[in-house]
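Read through the structure below, which is laid out as structure tokens, and then see the notes.
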Amino acid sequence: KQEVTQIPAALSVPEGENLVLNCSFTDSAIYNLQWFRQDPGKGLTSLLLIQSSQREQTSGRLNASLDKSSGRSTLYIAASQPGDSATYLCAVEAGNNRKLIWGLGTSLAVNP
Amino acid sequence: EADIYQTPRYLVIGTGKKITLECSQTMGHDKMYWYQQDPGMELHLIHYSYGVNSTEKGDLSSESTVSRIRTEHFPLTLESARPSHTSQYLCASSEGGGGLQETQYFGPGTRLLVL
């Protein structure tokens, strides 16, 4: 059974720091891995989608990597800002029905 | 910019009432999803649809039902609300077809409180 784990559960950093969020999954048979952001009381915003054949994707200050063989992905945030404060969720698309299996998220606080 | 809407945003209702949570998207996406999320817990897929007249139950057992009569509309109904249904309900859609088209776009969610 596919399981997704995110470490750390919470992270607090000063503004300007570069940081890395980790996501691991137990079964390498995935279609893609997606990173989302969730702000309190709101829905989710898609940040990056990495297809199973890709190694990384970049969007602005965000860079996500995928190592399918080891079952790991990292989300790198450069020069963090207070506006980056949110919960970051990782999900893998897998199975015959191509459903998303979700991690519990990393709660990020960037302090001014 | 994704255009997916959910109403109501917040709902407080008494036990036994019938409720319908609305979800609409204007992107013409074939795939739509309903997730349930409790505080501090992961998202659980409760229903999904791959197109008009197609609906499937997700991984989490749910007493709710859904319908997909039109591409843009995917309402979720609880025939008799109970306190155990208190949760946040998130609707999402995706274009489908593989690759980046599998990106899911989410609505703002409905927070339901059943007294």
Side-chain angles (χ1 to χ4, degrees), chain A residues 1-10 23-27 30-54 56-59 62 64 66 86-108, chain B residues 1-7 9-10 21 23-25 27 29-50 54-60 87-113:
Chain A
K1 178 186 174 185
Q2 180 73 267
E3 292 181 0
V4 178
T5 303
Q6 291 188 247
I7 294 173
C23 172
S24 61
F25 47 96
T26 54
D27 188 343
I30 64 171
Y31 292 98
N32 61 60
L33 184 144
Q34 301 185 37
W35 283 95
F36 293 85
R37 163 187 178 137
Q38 185 172 29
D39 292 284
K42 297 184 180 180
L44 280 71
T45 302
S46 176
L47 297 174
L48 290 163
L49 182 153
I50 311 175
Q51 297 181 58
S52 62
S53 58
Q54 297 176 320
E56 67 177 350
Q57 280 287 331
T58 298
S59 175
L62 305 179
L66 174 64
T87 296
Y88 290 81
L89 295 165
C90 165
V92 297
E93 184 175 339
N96 293 332
N97 292 327
R98 302 195 59 153
K99 290 177 283 189
L100 287 179
I101 295 100
W102 297 82
L104 287 175
T106 294
S107 177
L108 172 66
Chain B
E1 186 77 19
D3 294 317
I4 180 164
Y5 309 98
Q6 289 186 245
T7 58
R9 293 291 311 278
Y10 305 93
L21 307 184
C23 177
S24 295
Q25 49 95 5
M27 298 169 283
H29 286 173
D30 284 328
K31 294 184 176 181
M32 296 189 74
Y33 314 83
W34 275 104
Y35 292 92
Q36 186 174 339
Q37 185 183 33
D38 294 316
M41 303 295 289
E42 68 262 44
L43 275 76
H44 289 288
L45 181 68
I46 52 175
H47 296 283
Y48 61 100
S49 168
Y50 285 171
S54 154
T55 61
E56 301 286 344
K57 288 188 178 294
D59 298 321
L60 182 67
S87 189
Q88 178 170 235
Y89 294 84
L90 294 167
C91 180
S93 72
S94 65
E95 188 174 354
L100 293 177
Q101 295 170 317
E102 298 299 333
T103 299
Q104 292 193 15
Y105 297 92
F106 281 78
T110 294
R111 287 191 177 275
L112 174 64
L113 173 60

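Every chain is numbered from 1, with letters handed out A, B, ... down the list of sequences.
- Residues forming a side chain to side chain contact (heavy atoms under 4.5 Å, CB included) with A:Thr5 (at least two apart in sequence, or on another chain): A:Ile7, A:Ser24.
- Contacts between B:Leu43 and chain A at a heavy-atom distance below 4.5 Å involve backbone atoms as well as side-chain atoms.
- Residue contact with chain A, scored on non-hydrogen atoms closer than 4.5 Å, involves the side chain of B:Gln37 exclusively.
- In summary, the side chains of A:Glu93 and A:Asn32 do present a donor paired with an acceptor at a separation below 3.5 Å, with no hydrogens or angles considered.
- A pairwise comparison of heavy atoms in A:Thr106 and A:Gln6 identifies N-NE2, 3.8 Å as the closest pair.
- Contact annotation for B:Gln88: only side-chain heavy atoms (C-beta onward) come within less than 4.5 Å of a heavy atom of chain A.
- Shortest non-hydrogen contact noted between A:Tyr31 and A:Ala94 is CD1-CA, 4.0 Å.
- Of the atoms belonging to B:Tyr50, it is side-chain heavy atoms, and not backbone ones, that fall under 4.5 Å from chain A.
- Closest of all the heavy-atom pairs between A:Leu48 and A:Ser59 is CD2-CB, 3.6 Å.
- Annotation: maximal heavy-atom pairing with chain B below 4.5 Å, among A:Leu44, A:Val4, A:Leu100, A:Leu104, occurs at A:Leu44.
- Looking at A:Ile101, there are no atoms closer than 4.5 Å to chain B (heavy atoms on both sides), in backbone or side chain.
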